[in-house]
Protein chains: 2
Amino acid sequence: MSPDAAQRSVLRAADELFYAHGISGVVMSDIRDASGVSMRRLYAMYPSKSELVAAWLTDRHDTWMAWFAASVERHVAGGADPVLATFDAIAEWVTTPGYRGCAFINSLAETSEVDDTHRTIIAAHKRDLVEHLAQLAARGHSNAPSWFPAALAVIVDGAIVQCTIFASTDPLDAARSAVHQLLETIPT
Amino acid sequence: MSPDAAQRSVLRAADELFYAHGISGVVMSDIRDASGVSMRRLYAMYPSKSELVAAWLTDRHDTWMAWFAASVERHVAGGADPVLATFDAIAEWVTTPGYRGCAFINSLAETSEVDDTHRTIIAAHKRDLVEHLAQLAARGHSNAPSWFPAALAVIVDGAIVQCTIFASTDPLDAARSAVHQLLETIPT
DNA sequence: TTGACAAGAGAATGATCGTTCTCATACTAT
DNA sequence: ATAGTATGAGAACGATCATTCTCTTGTCAA
């Protein structure tokens with residue numbers, strides 16, 4: 001297996017396993033078994049589990065943001081409002097089999113207070129999400145109040161969490177209704 | 001130590017430790033050391049760590065809901081709108097030293113998909129919170145749309161999560177602004 | 001006082017985990 | 001082909017954990 005293929009295989013295994021079972025629910029030999037990469041090579045690539053987790057989070061940030069942006073644009077191309085298209089994208093995600101909430105929120109719950117590396121990646125992910133939502137809001141709702149993007153991010157994260165807890169899309173629908181109502185009151 | 005005192009001491013230790021370090025970040029001997037209750041007695045009370053966690057979550061539900069209701073009423077008595085008083089209460093909580101987000105959301109991230117007991121307690125907690133918020137909304141905003149309580153719960157949970165991630169109260173302020181704006185559009 | 005049982009301290013047990021090591025097997029360069 | 005190096009398979013190691021056991025120290029009824 002080429003170094004590149006090994007790297008991809010490990011990150012794919014890490015994503016499936018860490019997302020499904022949580023960080024402490026996955027042991028290094030699970031990663032080896034799922035990726036087919038030997039312990040020796042695994043530790044040559046990532047000198048500790050913590051660094052593998054950091055690499056996974058970084059990779060997942062890129063992958064997820066790219067997926068999210070593409071999904072939103074697809075719905076915008078179909079005629080949706082850029083802000084409301086956010087909820088169409090999240091609805092797709094939430095109804096995916098194996099959905100278990102936001103990997104970053106979940107990982108934060110498992111991250112001890114001393115591990116700054118993981119926290120930093122997690123916060124950067126959410127900062128990027130807020131920024132992306134701000135750009136969506138700027139398209140077509142250019143005079144939304146300054147708190148709007150941050151509020152939108154709060155609502156999106158709340159919906160992601162509650163859809164996990166209730167195993168239902170009802171919270172997402174309520175969130176969409178609230179944002180729809182909010183947009184009505186914003187002069188274009 | 002009386003059986004009652006031992007029970008209280010164990011639950012208090014469980015709350016401090018599980019909340020601060022997460023479930024898998026706490027080992028049973030930590031509970032023993034913090035509570036002063038011997039292993040033998042600990043396992044006589046709770047036959048496994050998982051059952052201790054369940055007892056902790058149940059206890060925390062009662063404690064937290066009581067605190068939240070009281071804090072909201074305090075702010076309502078000070079003249080706040082019952083719905084907006086929610087954000088005053090959450091603001092108190094978020095600025096408490098040692099704040100680490102919602103124990104139930106955090107625990108869900110650590111709970112494996114097979115452990116139905118914990119999931120059930122977590123979902124019941126959030127259901128009770130939604131119901132409480134619905135009752136607050138009914139006071140003074142009796143003709144809010146039917147999605148309003150669920151949306152309010154989504155916004156509250158999102159704010160709780162994002163204040164943890166960003167270690168800031170900014171998300172809470174944005175959330176409050178959004179709800180304030182929403183209430184403006186609801187005919188009394 | 002004594003005998004019988006309840007409870008504490010904390011060591012023992014067996015499983016699991018992160019990480020490293022060994023040995024056997026390839027591959028590379030000459 | 002062969003010495004030298006890299007890699008894989010997976011056992012070994014040392015730490016940690018949930019849980020149980022042992023031994024000791026009360027405590028209380030008669």
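Because only heavy atoms are used, hydrogens play no part in the values below, and waters and symmetry mates are left out as well, while side chains stay in. Quick note on labels: first sequence line is chain A, next is B, and so on, each numbered from 1.
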Legend entry - A:Ser38 side-chain proximity, nearest of D:dG8, C:dG18, D:dA18: D:dG8
Inset, instruction - Considering only NZ, NE, NH1 and NH2 on the basic side and carboxylate oxygens on the acidic side, decide whether B:Asp88 and B:Arg176 come within less than 4.0 Å. - result: yes
Inset, instruction - Would you mind reading off the distance between A:Leu42 atom CG and C:dG18 atom P, rounded to a whole angstrom? - result: 11 Å
Inset, instruction - Measure the distance from CE on A:Met45 to C1' on C:dT19 and round it to the nearest whole Å. - result: 16 Å
Inset, instruction - Would you classify B:Val37 as touching base, sugar-phosphate or nothing, given that sugar-phosphate means primed atoms plus P, OP1 and OP2, and contacts are heavy atoms under 4.0 Å? - result: nothing
Inset, instruction - Starting from P on C:dC17, measure out to NE2 on A:His21 and report it in whole angstrom. - result: 12 Å
Legend entry - D:dG8 OP1/OP2 closer than 4.0 Å to side-chain N/O of A:Arg41: yes
Inset, instruction - Indicate the atoms forming the closest heavy-atom contact of A:Val130 with A:Ala153, along with that distance. - result: CG2-CB, 3.5 Å
Legend entry - Pairing of B:Arg12 and B:Glu16 as salt bridge, 4.0 angstrom limit: yes
Inset, instruction - Give one of base, sugar-phosphate or nothing for B:Ser29, where a contact means two heavy atoms less than 4.0 Å apart. - result: nothing
Inset, instruction - Measure from CZ on B:Phe18 to C1' on D:dA18 and round the result to the nearest Å. - result: 12 Å
Inset, instruction - Send over the distance from B:Tyr43 OH to C:dA12 P, rounded to a whole Å. - result: 18 Å
Legend entry - Separation of C:dT19 C1' from A:Leu52 CG (nearest whole Å): 14 Å
Legend entry - Cationic tip of A:Arg60 above A:Tyr19 ring, under 6.0 Å, 45° of axis: yes
Inset, instruction - Between B:Arg40 and B:Ser50, just flag the one whose closest nucleotide in DNA chain D comes earlier from the 5' side. - result: B:Ser50
Inset, instruction - Write down the distance between CG (A:Asp33) and C1' (D:dG10), rounded to a whole number of angstrom. - result: 11 Å
Inset, instruction - Round to a whole Å and report the spacing from CE of B:Met39 to P of D:dT16. - result: 15 Å
